[in-house]
Every structure is written in C-alpha cells, then in structure tokens.
Peer 1: 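Mind looking over this structure? Questions follow.
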Amino acid sequence: MPETPFTAEHAGLDPARLPVHVAIIMDGNGRWASARGKNRLLGHDQGYRTLKDIVYACDDLGIRYLTVYGFSSENWRRSQEEVGGLMTLMLRAMQTEIEELIQNRVRVRVSGRMSDLPADLREEFADAMRRTADFTGLTFNLAINYGGRGEVVDAVQALARKVLAGELAPEEIDEAAVAAHLYAPDIPDPDLLIRTAGELRLSNFLLWQTAYSEIYVTPTCWPDFDRAHLIAALADYQKRIRKFGAVVE
Ligand code: FPP
C-alpha cells in the first residue's frame with residue numbers, strides 16, 4: 001500500500017489556517033535522559049533526531065518559518081561537559097544535514113550572538129546560511145546563543161549608534177524601528193509557540209516577537225515529540241480565536 005502523504009489535509013488540518021511561523025522551546029532532553037539512567041548528552045542526541053523529523057514535517061505541511069531554541073545565552077551556565085557536548089553536536093549536525101537541507105531547499109538562518117561561539121561552529125553556520133540564502137522553502141531559524149533581552153539590547157544599541165551618527169532622530173524610534181533591528185527582521189512574529197516538557201514560562205525566548213503568539217505547552221519531553229504531537233499542537237492552534245487586543249464577536 002502506498003504511504004499516506006504527510007499533508008495538512010491528510011492530518012485533518014485546515015491548510016488555509018496553518019500558522020505561518022512556528023517557534024519551539026525544545027525542553028526536556030535532560031529529563032528524558034535522566035529518566036532512563038543515561039547521560040544528559042544522550043537526551044540532546046535524541047533531541048537532534050526529533051528536530052530533524054520536525055523540520056521536514058513542517059516543510060511537508062507548508063509551514064513557512066520554524067524557529068527553535070537550540071542554545072540560550074544562559075545555557076553557558078551548564079557543566080563544561082554539557083556545553084562542549086552541545087557545541088560538538090551542533091557542529092556535527094550541521095555538517096551531516098547541510099546537503100539534505102539544500103536538496104529540500106530549506107533556508108537556514110541563525111539568530112543570536114554568533115561572536116561567542118567556537119570558530120568552527122560559527123563558520124559552519126555562516127556557510128549553511130550562505131549556501132541556502134536564496135531558497136524559498138521552509139526557513140529554519142536556529143536560535144543559538146540567543147537571549148530575548150540580549151536581542152532587544154543589541155537592537156537598542158544599534159539604534160543609539162544611528163542616533164549618534166545623526167542618521168535617526170530619537171522620535172523616529174517606534175515599534176517598527178525596534179523590530180527592524182532585531183536579529184531576523186524579515187521573519188514574521190511567531191503565530192504559535194510550542195514548549196515541550198511542561199514548564200509554563202518563556203525562558204527569555206523571542207520576548208519581543210511573542211507578544212501575540214498563541215502558546216501551546218505539552219508535557220511530552222522533546223525527544224519523544226513526534227509528528228502526531230506536532231499535528232495535535234497545530235489542531236489546537238486552529239481552534240484558537242486570535243484577537244490581537246481587539247474584540248472579536
Ligand atoms: C533543553 O533541554 C534543550 C537544550 C538546551 C538543547 C536543545 C538541543 C537539541 C534539541 C539538540 C540539537 C540541536 C541542534 C541545534 C542541532 P534541557 O537540557 O534543558 O532539558 P531538562 O530541562 O530536562 O534538563
């Protein structure tokens with residue numbers, strides 16, 4: 001029997017009401033590993049497998065943008081072993097996946113303070129962004145060494161430099177000007193924010209951009225999050241009435 005194609009229609013979703021941008025806090029890798037008596041890095045390794053499947057699932061469904069929280073600006077506080085393991089995993093993942101991402105015409109982006117990353121990882125990311133820059137399929141945006149407050153600080157500094165250079169008047173700094181100086185100004189705000197592993201917090205992720213995002217939290221740890229979980233999140237999203245502060249009858 002031919003395999004059922006993985007499309008929004010087959011998943012029982014309304015293709016016209018899919019979120020344009022899905023953002024994910026991929027939490028619970030450590031708990032997943034600990035529950036199995038394994039090293040936390042094994043949880044991250046499994047999390048990478050999940051991430052690969054979810055990237056192509058989003059692409060198959062016709063979602064335009066996927067942003068994932070890969071490494072926060074606070075994650076440096078973890079043990080040297082875990083930080084080093086994550087850097088190695090991200091480097092290996094990028095090297096392993098780039099050709100398949102290109103074949104699928106996925107546009108890779110990286111958001112965060114790149115300058116603090118190991119040089120080899122920074123170069124790998126730069127190379128992936130350069131090689132996929134013109135693709136028009138799914139935009140896969142990796143938030144790495146990313147912090148929402150830091151991003152706003154970086155934007156404010158860039159604006160202040162323009163004011164100092166006489167290129168901008170203080171009164172010209174409005175919401176659009178701040179948004180235009182964030183790390184990925186061309187990517188629309190997330191419509192749906194998914195957080196795995198049950199915690200009810202934003203953890204410094206996309207603070208500016210999630211002002212009107214719909215939030216979906218699942219108790220499932222990230223390594224166990226699969227296409228069925230993604231569809232459940234999208235189906236839940238399609239039941240929401242988005243009001244953006246207005247009254248909707
Ligand atoms: C949060 O789980 C997860 C992370 C900090 C890392 C996410 C990394 C991956 C999914 C690996 C692949 C990444 C890329 C970019 C290729 P946690 O460790 O905080 O879990 P816990 O709260 O249960 O301890």
Side-chain angles (χ1 to χ4, degrees), residues 20-26 29 41 44-45 47-56 58-59 63-78 80 82-159 161-162 178-190 203-209:
V20 173
H21 181 181
V22 174
I24 308 182
I25 301 176
M26 311 181 288
N29 292 350
L41 284 171
H44 295 315
D45 219 39
Y48 157 40
R49 285 167 221 261
T50 296
L51 178 56
K52 176 169 181 177
D53 190 42
I54 295 301
V55 166
Y56 291 117
C58 287
D59 193 30
I63 287 164
R64 307 293 306 149
Y65 302 90
L66 171 69
T67 298
V68 298
Y69 211 0
F71 190 89
S72 82
S73 45
E74 287 73 37
N75 284 155
W76 298 105
R77 295 179 192 151
R78 297 188 176 197
Q80 234 180 1
E82 187 169 350
V83 170
L86 275 167
M87 295 297 152
T88 305
L89 174 61
M90 288 191 280
L91 180 67
R92 191 166 52 81
M94 228 42 251
Q95 289 167 336
T96 309
E97 302 302 336
I98 187 62
E99 297 304 333
E100 200 173 330
L101 289 163
I102 288 171
Q103 268 169 27
N104 285 281
R105 309 192 72 72
V106 172
R107 185 168 70 130
V108 177
R109 296 285 292 273
V110 184
S111 294
R113 288 187 182 155
M114 289 299 98
S115 52
D116 300 335
L117 295 177
D120 50 0
L121 182 57
R122 208 169 54 226
E123 281 157 26
E124 200 63 39
F125 281 147
D127 189 55
M129 284 192 277
R130 189 181 45 73
R131 294 178 69 191
T132 63
D134 295 333
F135 292 159
T136 53
L138 173 77
T139 294
F140 173 41
N141 183 31
L142 281 146
I144 306 288
N145 193 24
Y146 174 87
R149 288 184 175 179
E151 180 181 31
V152 173
V153 167
D154 288 351
V156 169
Q157 287 190 2
L159 287 163
R161 279 193 292 272
K162 286 190 178 173
V178 175
H181 289 79
L182 298 175
Y183 297 141
D186 55 317
I187 297 182
D189 290 345
S203 302
N204 204 15
F205 187 46
L206 302 177
L207 296 182
W208 178 279
Q209 298 90 332

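Keep in mind it's a predicted model, so treat the numbers as computed, not measured.
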Peer 1: Can you give me the closest heavy-atom contact between Pro118 and Met87, atom names plus distance?
Peer 2: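 That closest heavy-atom pairing would be CD-SD, 3.7 Å.
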
Peer 1: Looking at Thr132 and Val108, would you say the former's side chain and the latter's main chain have a donor-acceptor pair under 3.5 Å?
Peer 2: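 Checked: pair present.
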
Peer 1: What's the verdict on side chain to side chain contact (heavy atoms under 4.5 Å, CB included) for Arg109 and Asp186, showing C-alpha distance, side-chain angles and the deciding distance?
Peer 2: CA-CA 11 Å; Arg109 296 285 292 273; Asp186 55 317; 2.8 Å; yes

Peer 1: For a quick test of reading the model, state the closest non-hydrogen atom pair linking Phe135 to Arg105 and the distance between them.
Peer 2: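 Closest pair (atom of Phe135, atom of Arg105, distance): CB-O, 3.3 Å.
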
Peer 1: Would you sort out whether Arg130 and Glu123 count as a salt bridge (charged side-chain N to carboxylate O under 4.0 Å, His left out), showing the intermediate values?
Peer 2: CA-CA 10 Å; Arg130 189 181 45 73; Glu123 281 157 26; over 6 Å; no

Peer 1: Take Arg49 and Asp53, measure what salt bridge (charged side-chain N to carboxylate O under 4.0 Å, His left out) needs, and give me the verdict at the end.
Peer 2: CA-CA 7 Å; Arg49 285 167 221 261; Asp53 190 42; over 6 Å; no

Peer 1: Checking the side chain of Asn145 only, and the main-chain atoms of Gly112 only, is there a donor and an acceptor separated by less than 3.5 Å?
Peer 2: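 It does not hold such a pair.
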
Peer 1: Identify the heavy atoms of Met94 and Leu142 that sit nearest to each other, and give their distance.
Peer 2: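 Shortest heavy-atom contact: SD-CD1, 4.3 Å.
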
Peer 1: Name the residue from Gln209, His181, Arg113 that meets the side chain to side chain donor-acceptor pair (under 3.5 Å) definition with Glu151.
Peer 2: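 Result for side chain to side chain donor-acceptor pair (under 3.5 Å) with Glu151: Gln209.
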
Peer 1: What pair of heavy atoms forms the shortest contact from Val110 to Met129, and how long is it?
Peer 2: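 Val110 and Met129 have their closest heavy atoms at N-SD, 3.4 Å.
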
Peer 1: Measure the CZ-CG distance between Arg131 and Leu101 for me, rounded to the nearest 0.5 Å.
Peer 2: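 Rounded to the nearest 0.5 Å, the CZ-CG separation comes out at 10.0 Å.
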
Peer 1: For the residue pair Tyr65 / Asn141, report whether a side-chain donor-acceptor contact shorter than 3.5 Å exists.
Peer 2: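 Per modelled atom types, Asn141 and Tyr65 side chains form no pair under 3.5 Å.
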
Peer 1: From Lys52 NZ over to Ile54 CD1, what is the distance, rounded to the nearest 0.5 angstrom?
Peer 2: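 So the NZ of Lys52 and the CD1 of Ile54 are separated by 13.0 Å.
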
Peer 1: For the pair His21 (side chain) and Pro188 (backbone), establish whether a donor and an acceptor sit closer than 3.5 Å, ignoring hydrogens and angles.
Peer 2: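 A pair under 3.5 Å: yes.
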
Peer 1: Could you tell me which non-hydrogen atom of Tyr48 sits nearest to which non-hydrogen atom of Arg92, and how far apart they are?
Peer 2: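 Of all heavy-atom pairs spanning Tyr48 and Arg92, the closest is CE2-NH1, 4.4 Å.
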
Peer 1: Would you say Arg64's side chain and Thr136's backbone share a donor-acceptor pair under 3.5 angstrom?
Peer 2: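 Checking the backbone N and O of Thr136 against the side chain of Arg64, a donor-acceptor pair under 3.5 Å is found.
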
Peer 1: For Gly47 versus Asn29, what's the shortest heavy-atom pair and its separation?
Peer 2: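 Answer, listing the atom of Gly47 first, then Asn29: CA-OD1, 4.1 Å.
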
Peer 1: Would you say that Leu138 contacts Val55 through its side chain, given a criterion of any heavy-atom pair below 4.5 Å between the two side chains?
Peer 2: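 Answer yes - side chains close enough.
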
Peer 1: Mark yes or no for whether Asn204, through its side chain, and Arg149, through its backbone, hold a donor-acceptor pair below 3.5 Å.
Peer 2: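 Judged by distance alone, yes, a pair lies under 3.5 Å.
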
Peer 1: Report the distance from atom CG of Leu86 to atom CH2 of Trp76, rounding to the nearest 0.5 Å.
Peer 2: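 If I round to the nearest 0.5 Å, the distance is 10.0 Å.
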
Peer 1: Looking only at atom types and distance, does a side-chain atom of Asn75 sit under 3.5 Å from a main-chain N or O of Ser72, one as donor and one as acceptor?
Peer 2: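 Looks like yes, one N/O pair under 3.5 Å.
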
Peer 1: Would you indicate whether Asp134, at its atom CG, is surrounded by more than 12 heavy atoms from other residues, nucleotides or ligands within a distance under 6.0 Å?
Peer 2: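 Count not over threshold, so no.
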
Peer 1: If you measure from CG on Leu121 to CE on Met90, what distance do you get to the nearest 0.5 Å?
Peer 2: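 Rounded to the nearest 0.5 Å, the CG-CE separation comes to 5.5 Å.
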
Peer 1: Any donor-acceptor pair under 3.5 Å linking the side chain of Ser203 with the backbone of Phe205?
Peer 2: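 No; judged by distance alone, with no hydrogens or angles, the pair does not exist.
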
Peer 1: Atom CG of Leu117 and atom CZ of Phe71: how far apart are they, to the nearest 0.5 Å?
Peer 2: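 Reported to 0.5 Å precision, the distance equals 8.0 Å.
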
Peer 1: Within the side chain of Asn104, is there an N or O that forms a donor-acceptor pair under 3.5 Å with the backbone of Glu100?
Peer 2: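 At least one qualifying donor-acceptor pair exists.
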
Peer 1: Mark yes or no for whether Tyr146, through its side chain, and Leu206, through its backbone, hold a donor-acceptor pair below 3.5 Å.
Peer 2: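 Yes.
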
Peer 1: How many angstroms lie between atom OG1 of Thr139 and atom CG of Asp59, to the nearest 0.5 angstrom?
Peer 2: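 With rounding to 0.5 Å, OG1 (Thr139) is 10.0 Å from CG (Asp59).
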
Peer 1: Does the pair Val68 and Leu51 meet the rule for a side chain to side chain contact (heavy atoms under 4.5 Å, CB included), with working shown?
Peer 2: CA-CA 9 Å; Val68 298; Leu51 178 56; 3.8 Å; yes

